[in-house]
Peer 1: 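This is the structure I want to talk about, given as structure tokens.
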Amino acid sequence: MIGGYLAFARGLDRLTLWLAMAAGGTLVLMVLLNVVLRYGFGTGSIKMQDLAAYAFAVLLILAVPLCHARAGHVRVEVLSERLSRRTMHFADALAWALFLVPVFGLIVWAGWGEIVFSWQIGEGSTTPGGLGGMYLVKTAMPLAAVLMIIQGLAAVLRGPEA
């Protein structure tokens, strides 16, 4: 059962990485096109600017669970380098239970009403003539919070030897 959960977490991580790479590529392409259009042809597109902003937001939000899945989180080196792997794993499990789950659970719980409302009204850009679909960008926040909880549990289940 644990193996199945870890495979599920790895699959979600691959999907998250793909989405983040797509957002990063979109961001680069939209910024490049906006610059060429503005300075090369004296024109521009509000929708492309919005798409660049949306892509940046999604990339930034998804970077958090991606970093966590790769053990890229910040540690206090003075303490962590002196602890055994077993003690570090215990500290990580404790941090997952006491901090990660409550904080990211709160993000999902507190933001859920706004996400639902955003979907109901089909929220779009605040810029006149801008791009629709802001509700999709807002959905990335609770999605990333759930991914953080899933990746945290996966790290705890992998054990100190991982």
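Model, not experiment: these values are computed from the prediction.
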Peer 1: Can Y54 and L136 be said to form a side chain to side chain contact (heavy atoms under 4.5 Å, CB included), step by step?
Peer 2: CA-CA 9 Å; Y54 289 8; L136 294 170; over 6 Å; no
Peer 1: A quick test of your reading: do over 12 heavy atoms of other residues, nucleotides or ligands sit less than 6.0 Å from CH2 of W119?
Peer 2: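 More than 12 within 6.0 Å, yes.
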Peer 1: Is it the case that atom OH in Y5 sees more than 12 heavy atoms from other parts of the structure closer than 6.0 Å?
Peer 2: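 More than 12 heavy atoms, drawn from other residues, nucleotides or ligands, come within 6.0 Å of this atom.
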Peer 1: Is it possible for you to say whether L66 and F8 belong to one hydrophobic cluster, with membership spreading through side-chain heavy-atom contacts below 4.5 Å?
Peer 2: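 As far as the 4.5 Å side-chain criterion goes, F8 and L66 are not connected within one cluster.
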Peer 1: What closest approach, in Å, do W96 and P102 show between heavy atoms, and which atom pair accounts for it?
Peer 2: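 In terms of heavy atoms, the two residues are closest at O-CD, 4.2 Å.
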Peer 1: Looking at A52 and L27, what are the two nearest heavy atoms and their distance?
Peer 2: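 Distance-wise, the nearest heavy atoms are O-CD1, 3.3 Å.
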Peer 1: Rounded to the nearest 0.5 Å, what's the gap from CG on N34 to OH on Y39? Could you check?
Peer 2: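 Interatomic distance, N34 CG to Y39 OH, rounded to 0.5 Å: 10.0 Å.
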Peer 1: Please round to the nearest 0.5 Å and tell me the distance separating atom CD of Q49 and atom CG of L131.
Peer 2: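 Here the interatomic distance stands at 11.5 Å.
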Peer 1: Where is the tightest heavy-atom contact between K138 and I115, given as atom of each residue plus distance?
Peer 2: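 In this case the closest contact between K138 and I115 is O-CD1, 3.0 Å.
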Peer 1: If you count the non-hydrogen atoms of other residues, nucleotides and ligands that lie under 6.0 Å from CE in M48, is the total more than 12?
Peer 2: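 For M48, atom CE is crowded (more than 12 foreign heavy atoms under 6.0 Å).
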Peer 1: Report yes if the side chains of D13 and R70 come closer than 4.5 Å at any heavy-atom pair, otherwise no.
Peer 2: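 Contact flag for D13/R70 side chains = yes.
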Peer 1: Would you indicate whether the side-chain heavy atoms of P142 and W109 approach each other to under 4.5 Å?
Peer 2: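 SC-SC contact between W109 and P142 ruled out.
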Peer 1: Do V58 and L33 sit in one hydrophobic cluster, given that two such residues count as connected whenever their side-chain heavy atoms are within less than 4.5 Å of each other, even indirectly?
Peer 2: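 Shared cluster, yes.
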Peer 1: Rounded to the nearest 0.5 Å, what separation is found between the NE2 atom of H89 and the CG atom of D92?
Peer 2: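 Here the rounded value is 7.5 Å.
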Peer 1: T43 versus R38: any side-chain heavy-atom pair under 4.5 Å?
Peer 2: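 Not in contact.
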Peer 1: Are M148 and L12 joined in one hydrophobic group, where the rule is that I, L, V, M, F, W and Y side chains link up if heavy atoms are under 4.5 Å apart?
Peer 2: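 Linked within one cluster.
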Peer 1: With a 4.5 Å heavy-atom cut-off, do W18 and M21 have their side chains touching?
Peer 2: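 No, their side chains stay 4.5 Å or more apart.
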Peer 1: Using 0.5 Å steps for rounding, measure from the CD atom of E114 to the CD atom of E123.
Peer 2: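 The distance works out to 7.0 Å.
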Peer 1: What distance separates L98 CG from L94 CG, expressed to the nearest 0.5 Å?
Peer 2: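 Here the interatomic distance stands at 4.5 Å.
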Peer 1: Got a sec: does the CD1 of I121 have more than 12 other heavy atoms crowding it under 6.0 Å?
Peer 2: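 Check passes, neighbour count above 12.
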Peer 1: Is there a side-chain contact between M134 and T126 in this structure, where contact means two heavy atoms from C-beta onward sitting under 4.5 Å apart?
Peer 2: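 A side-chain contact is absent here, since even the closest heavy-atom pair is not under 4.5 Å.
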Peer 1: Decide whether L32 and L59 are clustered together by the hydrophobic rule: side chain heavy atoms of Ile, Leu, Val, Met, Phe, Trp, Tyr closer than 4.5 Å, transitively.
Peer 2: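 The answer is no; the residues belong to distinct hydrophobic clusters.
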Peer 1: Do you know the tightest heavy-atom contact between A55 and A23?
Peer 2: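 Nearest pair, atom of A55 first, then A23: CB-O, 3.3 Å.
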Peer 1: Could you give the distance from CG (L147) to CG (L15), rounded to the nearest 0.5 Å?
Peer 2: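 If I round to the nearest 0.5 Å, the distance is 8.0 Å.
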Peer 1: Measure the shortest side-chain to side-chain distance between V64 and H68 over non-hydrogen atoms and say whether it is less than 4.5 angstrom.
Peer 2: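 No. Closest side-chain heavy atoms not under 4.5 Å.
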Peer 1: Checking side-chain contact (heavy atoms from CB on, under 4.5 Å) between F104 and each of I150, V146, I149, which is the one that passes?
Peer 2: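 So, applying the side-chain contact (heavy atoms from CB on, under 4.5 Å) to F104 and each of I150, V146, I149, only I149 qualifies.
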Peer 1: Answer with yes or no whether the hydrophobic clustering places L51 together with L19; edges join I, L, V, M, F, W, Y residues whose side-chain heavy atoms lie under 4.5 Å apart.
Peer 2: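 Linked, L51 and L19 end up in one cluster.
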Peer 1: Taking all non-hydrogen atoms of both residues into account, name the closest pair between G130 and D50 and its distance.
Peer 2: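 Closest pair (atom of G130, atom of D50, distance): CA-OD2, 3.1 Å.
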Peer 1: Closest heavy-atom contact between A20 and L62?
Peer 2: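 The pair with the smallest heavy-atom distance is N-CD1, 4.0 Å.
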